[in-house]
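For reference, the structure is listed below as structure tokens.
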Amino acid sequence: EVQLVESGGGLVQAGGSLRLSCAASGYTFDDYAIGWFRQAPGKEREGVAYISSSTSRTGYEDSVKGRFTVSSDNAKNTVYLQMNSLKPEDTAIYYCAAVRTVIPSAVVTAPYAYHYWGQGTQVTVSS
């Protein structure tokens, strides 16, 4: 059974940093691309950052480019989202998701393409 468990959320002041973790189990980690998404109250889920199964490629939405960094530790089956210079508008529930890809370098940005989702972790940025 595929499981994704996010952790690392919390309350932080604007300008601060948090590192989210997505621990994966139940599948061959190297075969799956990972995406980070977020959903704020009253808003649709939106993409944040993505990493290919080979971890050679990453992608970021414009709203977080230059502030967030996605990385992977294949030995720990864990993907991280380092979030710096946080803003109040970054407040949301953050989810990681996984999808099996046949192209190791593929970065998957569409949320509907993902097959597995974690339960989410709350990030709150105060002004």
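Excluded from the calculations below are hydrogen atoms, water molecules and symmetry mates; all remaining heavy atoms, backbone and side chain alike, are included.
At least one side-chain heavy atom of Gln122 sits under 4.5 Å from a side-chain heavy atom of Thr91. Between Val107 and Ile51 the shortest side-chain heavy-atom distance does not fall below 4.5 Å. The shortest distance between side-chain heavy atoms of Val5 and Gln119 falls below 4.5 Å. Residues Glu1 and Gln3 are in side-chain contact: their nearest non-hydrogen atoms beyond the backbone lie under 4.5 Å apart. Using a 4.5 Å heavy-atom cutoff, the side chains of Met83 and Leu20 are in contact. Side-chain contact between Val48 and Leu81 is present, with heavy atoms from C-beta onward closer than 4.5 Å. Within the 4.5 Å cutoff, side-chain heavy atoms of Val70 are placed close to those of Trp36.
With rounding to the nearest 0.5 angstrom, the CD1 atom of Ile93 is 9.0 Å from the OG1 atom of Thr121. Remark: Ser126 OG to Gln13 CD distance equals 5.0 Å, nearest 0.5 Å.
Ser72 and Val79 make their closest contact through OG-CG2, 4.0 Å (heavy atoms, listed as atom of the first residue, atom of the second, distance). Nearest heavy atom pair, residue Gly26 against residue Val2, reads O-CG2, 4.0 Å. Of all non-hydrogen atoms in Ala24 and Leu4, the two that sit nearest each other are CB-CD2, 3.7 Å.
Counting non-hydrogen atoms of other residues, nucleotides and ligands closer than 6.0 Å to CD1 of Ile103 gives a total of 12 or fewer.
Formation of a donor-acceptor pair under 3.5 Å by the Ser52 side chain with backbone atoms of Ala106 is not found in this model. Under a 3.5 Å cut-off, the side chain of Arg19 and the backbone N or O of Gln82 do not form any donor-acceptor pair.
The hydrophobic cluster containing Val108 does not contain Tyr32, counting ILVMFWY residues as joined when their side-chain heavy atoms lie under 4.5 angstrom apart, directly or transitively. Connection of Ile34 to Trp117 is not established within any shared hydrophobic cluster, with ILVMFWY side chains joined at heavy-atom distances below 4.5 Å, either directly or through further cluster members. In the hydrophobic cluster analysis, where Ile, Leu, Val, Met, Phe, Trp and Tyr join through side-chain heavy atoms closer than 4.5 angstrom, Val99 is grouped apart from Tyr60. Grouping the Ile, Leu, Val, Met, Phe, Trp and Tyr side chains by contacts below 4.5 angstrom, directly or via other members, places Val123 apart from Tyr80.
Between the side chains of Glu61 and Tyr50, at least one donor N or O lies within less than 3.5 Å of an accepting N or O.
For the side chain to side chain donor-acceptor pair (under 3.5 Å) condition, the pairs that include at least one residue of residues 92-105, sequence neighbours left out, are Arg38-Tyr94, Ser53-Thr101. The disulfide (SG to SG under 2.5 Å) analysis of residues 1-79, with sequence neighbours excluded, yields the pairs Cys22-Cys96.
Salt bridge absent: Asp90 and Lys87 never bring a charged side-chain N and a carboxylate O closer than 4.0 Å.
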Please report the C-alpha distance between Thr28 and Asp30 in whole Å, then the side-chain angles of each, then the deciding distance to 0.1 Å, and finally whether the side chain to side chain donor-acceptor pair (under 3.5 Å) criterion is met. CA-CA 6 Å; Thr28 303; Asp30 294 351; over 6 Å; no

Verdict with reasoning, Ser17 to Asn84, per side chain to side chain donor-acceptor pair (under 3.5 Å): CA-CA 4 Å; Ser17 298; Asn84 298 329; 2.9 Å; yes

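With sequence neighbours excluded, the residues that form a ring pair (Phe, Tyr, Trp, His ring centres under 6.0 Å) with Tyr114 are Phe37.
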